[in-house]
Asker: 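Provided herewith is a single structure, encoded as structure tokens, for subsequent inquiry.
Counting starts at 1 for both ligands and their atoms, following the listed order.
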Amino acid sequence: MLATPVRRFGASATRSLATPAAAPKHHRIVVVGAGAAGSSAAHQLLASKLVGSGEIAVVEPSQHHHYQPGWTLVGAGIRKKTDLRRPVADILDKRLTHYTSAVQTFEPERNVVNLGDRSLSYDQLIVCPGIEIKIDAVKGLRDALTDERTPVGTIYKYAFCDKTWDMADAFRGGKAIFTQPAGVVKCAGAPQKIMWLSWDLWRKRGLLDKTEITFATGLQAMFGVPRYNETLERLRKERNIPARYGHNLTAVEGSEAVFDAPNNEQVRLPFDMLHVTPPMGPYDFVKKSALANEAGFVDVDDATLQHKKFPNVWSLGDASSLPTSKTAAAVTAESQVLVTNVINAMQGKEPGAMYNGYTSCPIPTDHGHLLLAEFLYGGKPKETFGKFINQAEPKSYFLPMKTRFFPWVYFKSMVKGTWAGPQGWKARPAAATIADQAAATVSPAK
Ligand code: UQ1
């Protein structure tokens, strides 16, 4: 190792010399976020062989990658939360350069991302940091969640998904409220999944006679797609669960939940157990950037996933403006389109692949049945098994798919870019074929 060079200037001289900012480190592709979206996209790009070792940067400050769809199962006592996470460093292929600091600002005019301690430049930028769970947007919620004696939980946070189970397990009857905010949330079905599973637990324990469950939602229906809403609304009525539509939780005060309700009313409901779905929204560093639309999401084309102003910027997953339900299932389709189009762009071609809005919401309706909702943009049903069965009815044989198969295939294949959702194991071909055609353009590993 070289010895530290002897300083040639005194302290004052050093200070008077302007230190030029380090030049940004260049990667052909920078991926912001290593969640479901970032990890599947980055690995599919690697598999294309168009980019070599060190040419893709992945920016991810979190230590752990979580299988978030599994947190409902944790809240229902079916899975252990520690089984549903992996260190990010274990998820990412060694050929990806992992930066562990967070993005501070985007400079898309200069093709630069600033991480605070350093800057990165890129040919292509993929933005998928997810969205923020805004616990502090509900007054008193953070204290209520943190206080172990207060029966308030949420499956939307790793820290509290097991508290949700502890509460449901300890419940001996009384008033249980499950909330869903107005506005965009990830997996819009989860607020009721945890309710159905809790209802079934209490049913089996003979507690329903002394239990009153309420579903208080900022929306106007159980589910946004009429075909599935019909079933869920029927179940809700059969199970004597009153819905309070248009009710948006604003505060937790002691053992009362406070809602903004229709006609500018404020409604206060006492509870013995409260499950909260907090409001969610884009992170500030995205919202305040030139990449965001008015709502703060990365402003991309609904079909090509290409940014509307900066053609070498792309987005998928929860942070994107894509008007579909934000789920891991959606990412299985979005990632294939995005990767094909990024590869096209790197070869000077127009984006060719189009996303149709595919998303899915596997809703357990009790501990033995699951309704597998699958739909495209506009809520148009697109059911993988629709030729054989009616997916609008909950089925017993679908439940193990949610509890066992999806978590398994997620870590085994999806984060590695080899799972294409309803198309099974075929995420590689689109990219590989293009790579084969363009073998001459493969750049050497750096
Ligand atoms: C899926 O591929 C997937 O990824 C692992 C999920 O996990 C969260 C899902 O919930 C769904 C529905 C899919 C889609 C796959 C099929 C076979 C319908």
Side-chain angles (χ1 to χ4, degrees), residues 34-41 43-44 65-76 78-79 81 83-86 91 128 130 155-156 161 185-194 196-197 223-225 227-228 316-318 324-339 355-365 369-376 379-428:
S39 53
S40 15
H43 289 113
Q44 285 179 49
H65 175 118
H66 294 277
Y67 179 67
Q68 293 182 25
W71 291 348
T72 315
L73 306 174
V74 176
I78 300 171
R79 298 293 301 255
K81 70 177 186 178
D83 291 345
L84 299 172
R85 67 176 194 174
R86 305 279 184 275
I91 295 272
C128 45
I155 53 165
Y156 276 90
C161 53
V185 298
K186 55 176 88 196
C187 191
Q192 66 184 282
K193 294 177 191 175
I194 189 63
W196 298 132
L197 292 168
F223 201 78
V225 179
R227 175 170 162 80
Y228 308 116
L316 76 166
D318 295 354
T324 192
S325 180
K326 298 179 182 305
T327 64
V331 168
T332 65
E334 292 167 5
S335 60
Q336 297 179 78
V337 170
L338 179 138
V339 166
Y355 175 52
N356 58 11
Y358 174 80
T359 190
S360 169
C361 193
I363 304 177
T365 50
H369 297 85
L370 183 132
L371 185 162
L372 183 61
E374 291 181 283
F375 48 98
L376 311 177
K380 185 170 172 240
K382 174 84 172 74
E383 298 177 351
T384 305
F385 310 100
K387 263 196 195 144
F388 313 106
I389 49 149
N390 175 7
Q391 284 185 218
E393 282 306 317
K395 303 286 180 213
S396 58
Y397 43 81
F398 277 157
L399 193 65
M401 209 155 79
K402 164 98 187 143
T403 56
R404 294 277 148 207
F405 177 72
F406 288 147
W408 174 81
V409 81
Y410 181 83
F411 282 120
K412 179 104 184 130
S413 303
M414 182 167 161
V415 294
K416 295 177 184 164
T418 58
W419 172 250
Q423 285 97 45
W425 283 276
K426 63 157 250 191
R428 285 170 188 270

Asker: Which ligand 1 atoms are under 4.0 Å away from a heavy-atom of Ala329?
Answerer: 9 (C), 11 (C), 12 (C), 13 (C)
Asker: Closest by any non-hydrogen atom to atom 6 (C) of ligand 1: pick that one out of Phe385, Phe406, Phe398.
Answerer: Phe406
Asker: What side chain to side chain donor-acceptor pair (under 3.5 Å) pairs are there with at least one residue in residues 393-406, not counting sequence neighbours?
Answerer: Arg234-Glu393
Asker: Under a plain distance cut-off of 3.5 Å, with no hydrogens placed, do Trp425 and Ser413 share a side-chain donor-acceptor pair?
Answerer: yes
Asker: Of the listed options (Tyr410, Phe405, Trp419), which comes nearest to atom 4 (O) of ligand 1 when hydrogens are ignored and any heavy atom counts?
Answerer: Trp419
Asker: With heavy atoms of Ala328 as the reference, note each atom of ligand 1 found under 4.0 Å away.
Answerer: 8 (C)
Asker: Considering only non-hydrogen protein atoms, determine which one is nearest to atom 10 (O) of ligand 1 and report residue, atom name and distance to 0.1 Å.
Answerer: Pro362 CG, 3.2 Å
Asker: Tell me whether Arg85 forms a cation-pi arrangement with Tyr67, defined as NZ or CZ under 6.0 Å from the six-membered ring centre and within 45 degrees of its axis.
Answerer: no
Asker: Tell me whether Glu374 reaches ligand 1 (any heavy atom closer than 4.0 angstrom to a ligand atom).
Answerer: yes
Asker: Considering only non-hydrogen protein atoms, determine which one is nearest to atom 12 (C) of ligand 1 and report residue, atom name and distance to 0.1 Å.
Answerer: Ser360 OG, 3.0 Å
Asker: Could you find the nearest protein heavy atom to atom 8 (C) of ligand 1 and give me its residue, atom name and distance?
Answerer: Tyr67 OH, 3.5 Å
Asker: Determine whether any heavy atom of Tyr358 lies closer than 4.0 Å to an atom of ligand 1.
Answerer: yes
Asker: Using a 4.5 Å cut-off on heavy atoms from C-beta on, say whether the side chain of Leu197 contacts that of Thr72.
Answerer: yes
Asker: Only heavy atoms of Val409, strictly under 4.0 Å: list the atoms of ligand 1 that pass.
Answerer: 5 (C)
Asker: Please tell me if the side chains of Met401 and Phe406 come closer than 4.5 Å, counting only heavy atoms from C-beta onward.
Answerer: yes
Asker: Taking 4.0 Å as the limit for heavy-atom contacts, which would you say applies to Thr327 with ligand 1: side chain only, backbone only, both, or neither?
Answerer: neither
Asker: I need the atoms of ligand 1 closer than 4.0 Å to a non-hydrogen atom of Thr332, numbered in the order shown.
Answerer: 2 (O)
Asker: Indicate the atoms forming the closest heavy-atom contact of Ile155 with Gly75, along with that distance.
Answerer: CG2-CA, 3.9 Å
Asker: So do Pro364 and Trp196 actually touch side chain to side chain, heavy atoms under 4.5 Å?
Answerer: no
Asker: Output all residues satisfying side-chain hydrogen bond (donor to acceptor under 3.5 Å, both in side chains) with Gln391, sequence neighbours left out; order by chain, then residue number.
Answerer: Glu374
